[in-house]
Amino acid sequence: MENLHSAVRRLQEAKRQARSIGLFVEDRDLLECPACGLWEDVTSEGFLVVYQKDDFAQVDSGLRFREVDEMNFVCPACGTAVTIKVEE
């Protein structure tokens, strides 16, 4: 059992390090603001980027959705509440 606990701790630390350099390692869908069109995407290298849907250059705005809880976020551009949709 200790091996399992140790493995989980190592995985959590690896995820923390990956997040700190901007990699998307979450177990959730990508977010899109229904009000202003800001949305998340992931580059082919695994980096999280956030830009306006009509930005064809797909330049990362540097903004990030703020997590309220596991299912609810706030758009950093307009403050709209964004909830992850659960498939039934």
Side-chain angles (χ1 to χ4, degrees):
M1 190 57 101
E2 182 56 38
N3 287 339
L4 178 59
H5 290 296
S6 177
V8 169
R9 281 193 298 274
R10 286 194 312 271
L11 178 58
Q12 288 172 333
E13 178 59 18
K15 283 180 137 183
R16 187 195 64 72
Q17 289 176 350
R19 274 189 212 98
S20 75
I21 62 168
L23 292 175
F24 184 75
V25 293
E26 307 306 325
D27 296 326
R28 64 166 174 79
D29 289 339
L30 296 171
L31 302 171
E32 179 177 352
C33 178
C36 72
L38 196 71
W39 72 311
E40 294 180 322
D41 200 3
V42 177
T43 67
S44 59
E45 295 87 11
F47 290 97
L48 179 68
V49 291
V50 178
Y51 52 88
Q52 290 293 326
K53 198 152 192 157
D54 60 356
D55 178 6
F56 297 108
Q58 299 180 343
V59 176
D60 184 18
S61 67
L63 301 173
R64 297 297 181 259
F65 286 80
R66 183 176 54 83
E67 184 175 349
V68 176
D69 60 37
E70 193 174 284
M71 300 299 290
N72 298 290
F73 295 79
V74 174
C75 176
C78 70
T80 298
V82 179
T83 300
I84 294 177
K85 294 176 178 51
V86 178
E87 293 185 29
E88 295 179 23

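The model shown is predicted, which means the values in this text are computed figures rather than measured ones.
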Contacts of Arg66 that satisfy side-chain contact (heavy atoms from CB on, under 4.5 Å) - sequence neighbours left out: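 Result, side-chain contact (heavy atoms from CB on, under 4.5 Å) vs Arg66: Val68, Val74.
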
Salt bridge present between Glu13 and Arg10 (N-O < 4.0 angstrom):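 Looking at Arg10 together with Glu13, the answer is no, because their closest N to O distance does not fall below 4.0 Å.
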
Lys/Arg N to Asp/Glu carboxylate O, Glu70 vs Arg28, below 4.0 Å: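 The answer is no: the pair does not qualify as a salt bridge.
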
Contact check, side chains of Leu38 and Pro76, non-hydrogen atoms, under 4.5 Å: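 In contact.
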
Connected hydrophobic set around Trp39, excluding itself, where side chains approach under 4.5 Å: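 Grouped by the 4.5 Å side-chain rule, Val49, Tyr51 form the rest of the cluster around Trp39.
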
If I take atom [atom1] from residue [X] and atom [atom2] from residue [Y], how far apart are they, to the nearest 0.5 angstrom?
| X | Y | atom1 | atom2 | result |
| --- | --- | --- | --- | --- |
| Phe73 | Glu32 | CZ | CD | 14.5 Å |
| Asp41 | Gln58 | CG | CD | 6.0 Å |
| Gln52 | Cys33 | CD | SG | 8.5 Å |
| Lys15 | Gln12 | NZ | CD | 8.0 Å |
| Glu40 | Asp60 | CD | CG | 10.5 Å |
| Leu31 | Lys85 | CG | NZ | 9.5 Å |

Sidechain-backbone polar pair: Ser6 side chain, Asn3 backbone, donor-acceptor under 3.5 Å: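 Side chain of Ser6 to backbone of Asn3: no pair is present.
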
Common cluster, Val50/Phe47, ILVMFWY with side-chain heavy-atom separation under 4.5 Å: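 Each belongs to a different hydrophobic cluster.
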
